Amino acid sequence: MAEKSFKYIILGGGVSAGYAAKEFASQGVKPGELAVISKEAVAPYERPALSKGYLFPEGAARLPGFHCCVGSGGEKLLPESYKQKGIELILSTEIVKADLAAKSLVSAAGDVFKYETLIIATGSTVLRLTDFGVKGADSKNILYLREIDDADKVVEAIQAKKGGKAVVVGGGYIGLELSAALRINNFDVTMVFPEPWCMPRLFTADIAAFYETYYTNKGVKIIKGTVASGFTAHPNGEVNEVQLKDGRSLEADIVIVGVGAKPLTALFKGQVEEDKGGIKTDAFFKTSVPDVYAVGDVATFPLKMYGDMRRVEHVDHSRKSAEQAVKAIKAAEGGGAVEEYDYLPFFYSRSFDLSWQFYGDNVGDSVLFGDSNPSNPKPRFGAYWVQDGKVVGAFMEGGSGDENKALAKVAKARPAAESLEDLTKQGISFAAKI
C-alpha cells in the first residue's frame, strides 16, 4: 500500500480532465505537483469521436489521433506529453474511497493519494437496462457507448456480424449517431424509443420530423412510442431478439442502448452539497468543501444568463468548466480572481452528411425557417425559440461557420423579435444582423 502526495489531483480521465491538465500546464505547474488519476487505461481523449469517426468502416479515427485537446484546436496531449510537462498520469486506477475532510483518495489496490486541491472530473456513466431489471439485458452483444473500451466492443461486434441486424434502443444523441454509424456499416438498423419524436429534450416536432424522414430515407426503421421489455439469446449467450412492450419482436445480431447517463458522484455522497443530481458549485466551480472543485457532467453550476442552477452534459461545457476551475485556482493562489463563468449552452451533432448546432435555451414558442426537405441533397434550415418577446435559442442544420457564429451571437444577445411570422421570413438573416 503506497502513499503519494500532490498539490493538485484531477480525478477522472475524460474531456474535463484533459482540459484541466492543459490549463494547469499553461498556467505553470512544477514537476510532481499535479496528478491525473483515471480508471481508464489511456490518457484523456475527446469522447465525441467514439460515436462518430471511431465507428467509420474506412479511415476510422484511432488514438493517438484524438487525445485531448485536439477537439478545440489545441495541443494534443499524448501520454508522454504529461511526463514532459511534469504531470503524473496515473492510469488504470479506480478510486473506491474519497475522504474529503482528510483530503485523501484510496484506490481499489489500496494505494492512498493525498492532495491539497482536488478537481472532481469523474463525468457520467451510462444507464444500463440491467439497472431496470429488463429480462435478458445481460445477453452478449447488448452494448453501450461511453468509454473507449465500449467503442472497441462495438467495433468488434460490427466486424463479427457484418451486414447483420442491429437494434438501437433510444432516440437521443447516442441513438441517432449510432444508428447512422451502423447504417454506414451496412447494417439493417431499427431505432426504438418511447417518446413521440427523436431528441425530445431539444428538437421540436417539426425539427424531429426532418431527421426521422432523412433517416428513414437512408434505410433506418424507426419505431416510436414503445420500449424494449426483454431480450432472448442464442445458446451461446448472444442476443437474437428484442421484445417490445407493444408486443412486437425484432431480430437482432447487435443491440446498442443509449437511454441516458448519470453523473458519477457516489464517492462524494454525504460529504458535499448536491443539487439537481450533481455536485453544487459556484461560478468558479468551487464546491461546498474547501479546496474541492467539480467540473463537467458532475457540476451543477449557476448559469448566469438565465439566473438558475443547471447541470450540462456536453463536451463544450466539459472543456470550458475545466479551464475555468483551474484559472480560478491559480488566480486565488496569487491573491487575484477571475470573472464568473458566463456560459452560453451549446450543443451539436454530426451524422451521415448532416451537421447541426444549437445555442441558448429551447423554451417558449418556436419557428422554423429555410429548406427542411429531407430529400434535398443539401438541406439547410433552422429554428428560433422566442420567450417573452425575445429570441432565446437558435438552431441550424447545414449552417456555415459564419452562420453558426451568428446563431451564437443572437442566443447570447437575446434580441427582441417583432413577430414569429417575421422571424420565419427573415430566417438566418435575422441573426446575421445582430
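Note that the structure is predicted; figures quoted are calculated from it, not measured. Residues: numbered from 1 along the sequence shown.
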Q: Could you tell me whether the side chain of Leu11 reaches within less than 4.5 Å of the side chain of Leu267, counting heavy atoms only?
A: yes
Q | Side-chain (Lys161) to main-chain (Phe187) donor-acceptor, under 3.5 angstrom | A | no
(Q) Applying ring pair (Phe, Tyr, Trp, His ring centres under 6.0 Å) as the test, list every pair that has at least one member in residues 247-268; sequence neighbours left out. (A) none
Q: Look only at the side chain of Ser355 and the backbone of Arg350, and say whether a donor-acceptor pair between them is shorter than 3.5 Å.
A: no
Q: Would you please test Glu156 and Leu143 for side chain to side chain contact (heavy atoms under 4.5 Å, CB included) and show each step?
A: CA-CA 11 Å; Glu156 190 181 317; Leu143 305 169; over 6 Å; no
Q. Is the backbone N or O of Asn236 less than 3.5 Å from a side-chain atom of His234, with the two atoms forming a donor-acceptor pair by type?
A. no
Q: Decide whether a cation-pi geometry holds between Arg62 and Tyr54; the criteria are a distance under 6.0 Å from NZ or CZ to the six-membered ring centre and an angle within 45° of the ring axis.
A: yes
Q | Closest heavy-atom pair and its distance - Glu238, Asn141 | A | CD-ND2, 3.8 Å
Q.
I'd like to check Met191 versus Leu182 (side-chain heavy atoms, cut-off strictly below 4.5 Å). Are they in contact?
A. no
Q.
Quick check: closest heavy atoms across Leu77 and Gly18, and the distance to 0.1 Å?
A. CD1-O, 3.8 Å
Q | Asp316 side chain near Tyr343 side chain, heavy-atom distance below 4.5 Å | A | yes
Q. Between Tyr214 and Phe210, how do the two ring planes meet: parallel, tilted or perpendicular, split at 30° and 60°?
A. tilted
Q. Checking Asn376 side chain against Ser372 main chain: does a donor-acceptor pair fall under 3.5 Å?
A. no
Q: Please check if atom NZ in Lys7 has more than 12 non-hydrogen atoms from other residues, nucleotides or ligands closer than 6.0 Å.
A: yes
Q.
Measuring only between side-chain heavy atoms, which start at C-beta, is Phe395 closer than 4.5 Å to Leu368?
A. no
Q.
Are more than 12 heavy atoms, taken from residues, nucleotides or ligands other than Lys52, located less than 6.0 Å from that residue's NZ atom?
A. yes
Q | Presence of salt bridge, Lys97 and Asp99, under 4.0 angstrom | A | no
Q: For the pair Thr122 (side chain) and Leu264 (backbone), establish whether a donor and an acceptor sit closer than 3.5 Å, ignoring hydrogens and angles.
A: yes
Q.
With a 6.0 Å cut-off (strictly less than), is the heavy-atom count around NZ of Lys276, excluding the residue itself, greater than 12?
A. yes
Q) Should the pair Arg47-Asp297 be classified as a salt bridge under the 4.0 Å nitrogen-to-oxygen rule? A) no
**Q.** Backbone N/O of Leu176 and side chain of Ser179: donor-acceptor pair under 3.5 Å
**A.** no
Q | pair Ile37-Ile9: side-chain heavy atoms closer than 4.5 Å | A | yes
Q) Going from OG on Ser5 to CD on Glu33, what distance comes out if it is rounded to the nearest 0.5 angstrom? A) 13.0 Å
Q. What are the two closest heavy atoms between Gly258 and Ile174, and how far apart are they?
A. CA-CG2, 4.0 Å
Q) Of the options Phe358, Trp356, Trp385, which is the one that meets Phe203 in a ring-ring contact (aromatic ring centres under 6.0 Å, His included)? A) Trp356
Q: Using a strict cut-off of less than 4.0 Å between a Lys/Arg side-chain nitrogen and an Asp/Glu carboxylate oxygen, indicate whether Lys39 and Asp149 qualify as a salt bridge.
A: no
**Q.** Any donor-acceptor N or O pair under 3.5 Å, side chains Glu80, Gln84
**A.** no
Q: Output yes when a side-chain donor or acceptor of Asp150 lies under 3.5 Å from a complementary backbone atom of Arg146, and no otherwise.
A: yes
Q | Euclidean distance, Lys218 NZ relative to Leu354 CG, rounded to 0.5 Å | A | 8.0 Å
(Q) Does atom NZ (Lys405) have a neighbourhood of more than 12 heavy atoms from anything else shown, all under 6.0 Å? (A) no
Q: With rounding to the nearest 0.5 Å, note down the distance linking CD in Glu212 to CH2 in Trp197.
A: 9.5 Å
(Q) If the threshold is 4.0 Å, N to carboxylate O, is there a salt bridge linking Glu313 and Arg201? (A) no
Q. Between Glu46 and Tyr19, does any side-chain donor sit less than 3.5 Å from a side-chain acceptor?
A. yes
Q | Worked verdict on Leu100 versus Val272 for side chain to side chain contact (heavy atoms under 4.5 Å, CB included) | A | CA-CA 8 Å; Leu100 300 185; Val272 66; 4.3 Å; yes
Q: Mind jotting down which residue pairs meet the salt bridge (Lys or Arg N to Asp or Glu O under 4.0 Å) criterion with at least one end in residues 241-252? Sequence neighbours excluded, please.
A: Asp246-Arg248
**Q.** Ile223/Leu250 under side chain to side chain contact (heavy atoms under 4.5 Å, CB included): CA gap, chis, key distance, verdict
**A.** CA-CA 11 Å; Ile223 298 175; Leu250 305 169; 3.9 Å; yes
Q) Any donor-acceptor pair under 3.5 Å linking the side chain of Gln271 with the backbone of Ala98? A) yes
Q. For the residue pair Phe381 and Tyr211, does the interplanar ring angle fall in the parallel (under 30°), tilted (30 to 60°) or perpendicular (over 60°) class?
A. tilted
Q | Residues, nucleotides or ligands: over 12 heavy atoms within 6.0 Å of Lys135 NZ | A | no
Q.
Which heavy atom of Ala41 sits nearest to which heavy atom of Leu91, and what is that distance?
A. O-CD1, 3.4 Å
Q: Quick one: pull up CZ in Phe301 and CE in Met309 and give me the separation to the nearest 0.5 Å.
A: 8.5 Å
Q: Of all the heavy-atom pairs spanning Ser400 and Glu403, show the shortest one and how long it is.
A: N-OE1, 2.9 Å
Q) Does Tyr45 use its side chain to pair, donor to acceptor, with the backbone of Ile148 at less than 3.5 Å? A) yes
Q.
Which residue is it: Val96, Ile95, Thr93? I am looking for the one with a side-chain contact (heavy atoms from CB on, under 4.5 Å) to Leu105.
A. Ile95
Q | Heavy-atom donor-acceptor pair, Glu116 side chain to Asp291 backbone, under 3.5 Å | A | no
Q. Which heavy atom of Ala137 sits nearest a heavy atom of Ile142, and at what distance?
A. O-CD1, 3.8 Å
**Q.** Trace of the ring-ring contact (aromatic ring centres under 6.0 Å, His included) decision for Tyr215 with Phe352
**A.** CA-CA 9 Å; Tyr215 271 57; Phe352 291 119; 5.0 Å; yes
Q) How many angstroms lie between CD1 in Ile254 and CG in Asp188, if you round to the nearest 0.5 Å? A) 11.5 Å
**Q.** Partner of Arg310 by side-chain hydrogen bond (donor to acceptor under 3.5 Å, both in side chains), out of Thr300, Asp275, Asp361
**A.** Asp361
Q. Are the side chains of Arg311 and Pro263 in touch, meaning some heavy atoms are under 4.5 Å apart?
A. yes
Q. Would you say the side chains of Glu273 and Ser288 form a donor-acceptor pair under 3.5 Å?
A. no
Q: First locate atom CG of Asp402, then atom CG of Leu407, and finally report the distance between them rounded to the nearest 0.5 Å.
A: 11.0 Å
Q.
Out of the candidates Tyr115, Phe24, Phe113, only one should pair with Tyr8 under the ring-ring contact (aromatic ring centres under 6.0 Å, His included) rule; please name it.
A. Phe24
(Q) What verdict does the side chain to side chain contact (heavy atoms under 4.5 Å, CB included) test give for Lys22 and Glu75, after you've listed the backbone C-alpha separation in whole Å, the side-chain angles of each residue and the deciding distance to 0.1 Å? (A) CA-CA 8 Å; Lys22 179 205 75 168; Glu75 179 189 358; 5.5 Å; no
